[in-house]
Amino acid sequence: MLLKQMKYFITIVDCHSFTEAAEQCFISQSAISQQIKSLEKELGIRLFERNKRQFSLTPAGEYFYRHGKVILDEIEDFKGNLVGNGYTID
């Protein structure tokens with residue numbers, strides 16, 4: 001699983017839209033959909049219930065969203081602390 005896929009998933013849920021999430025992530029709607037399908041395949045679970053142009057989260061999707069959001073926030077804090085402490089790439 002890529003962190004980017006997790007970010008895409010979180011963004012879709014926050015935006016309530018694959019299209020808006022794709023715009024925010026600067027990728028096409030078909031690319032973000034493909035990334036989510038790949039993520040679901042890798043995890044072996046469905047994260048979304050899809051109904052035509054609407055979706056809802058499965059129980060697994062809700063769990064993934066709650067915990068994924070915490071993980072991504074921690075990663076951002078971690079990155080900020082590295083930069084804030086003056087670490088650079090040599």
Side-chain angles (χ1 to χ4, degrees):
M1 168 180 26
L2 299 173
L3 288 175
K4 190 175 287 190
Q5 289 173 320
M6 187 181 292
K7 181 180 179 187
Y8 292 159
F9 174 79
I10 301 292
T11 305
I12 291 165
V13 176
D14 287 345
C15 290
H16 307 287
S17 167
F18 277 74
T19 303
E20 287 182 39
E23 289 173 8
Q24 280 192 17
C25 294
F26 303 104
I27 63 172
S28 69
Q29 189 275 330
S30 61
I32 205 167
S33 293
Q34 194 63 259
Q35 287 294 316
I36 297 303
K37 286 180 186 176
S38 177
L39 176 62
E40 289 177 320
K41 184 176 179 180
E42 181 180 342
L43 295 172
I45 56 172
R46 286 190 6 239
L47 299 170
F48 292 108
E49 291 287 344
R50 295 166 178 87
N51 298 317
K52 295 188 181 185
R53 298 187 61 73
Q54 296 180 336
F55 67 85
S56 60
L57 292 176
T58 63
E62 290 177 18
Y63 179 87
F64 191 82
Y65 175 77
R66 282 193 317 273
H67 293 276
K69 199 159 178 72
V70 170
I71 289 168
L72 288 178
D73 288 346
E74 287 180 6
I75 289 169
E76 288 303 313
D77 289 347
F78 178 69
K79 287 174 17 182
N81 287 334
L82 284 173
V83 172
N85 287 314
Y87 294 105
T88 60
I89 298 173
D90 294 330

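This one's a predicted model, so the numbers in the text were calculated from it and none came from an experiment.
In this structure, Gln34 CD and Gln29 CD are separated by 10.5 Å, a value rounded to the nearest 0.5 Å.
Checking Ser38 against Glu42 by side-chain atom types alone, no donor-acceptor pair falls below 3.5 Å.
Under the 4.5 Å side-chain heavy-atom criterion for Ile, Leu, Val, Met, Phe, Trp and Tyr, Val13 and Ile75 are members of the same hydrophobic cluster. In the hydrophobic clustering of ILVMFWY residues, with side-chain heavy atoms under 4.5 Å counting as a link, Ile45 and Phe64 come out together. By the criterion of side-chain heavy atoms lying less than 4.5 angstrom apart, applied directly or through intervening Ile, Leu, Val, Met, Phe, Trp or Tyr residues, Leu72 is not grouped with Leu2; the two fall into different hydrophobic clusters.
Two residues are said to be in side-chain contact when any heavy atoms from C-beta on lie closer than 4.5 Å; Ile27 and Tyr8 meet this criterion. Between Ile12 and Phe55, the closest side-chain pair of non-hydrogen atoms falls below 4.5 Å.
For residues 55-67, the pairs satisfying side chain to side chain donor-acceptor pair (under 3.5 Å) are Asp14-Tyr65, with sequence neighbours left out.
Note on ring orientation: taking the six-membered ring where Trp is involved, the planes of Phe48 and Phe9 are tilted (angle from 30° to 60°).
Residues meeting the salt bridge (Lys or Arg N to Asp or Glu O under 4.0 Å) test with Lys79, sequence neighbours left out: Glu76.
When Gln5, Glu40, Lys7 are each tested for a side-chain hydrogen bond (donor to acceptor under 3.5 Å, both in side chains) with Gln35, only one passes: Gln5.
Closest non-hydrogen pair, Ile32 versus Cys25, comes out as CD1-SG, 4.5 Å. What you find for Ile36 and Arg50 is that their closest heavy atoms are CG2-NH2, 3.6 Å.
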Side chain to side chain donor-acceptor pair (under 3.5 Å) between Thr19 and Glu23, intermediate numbers included:
CA-CA 6 Å; Thr19 303; Glu23 289 173 8; over 6 Å; no
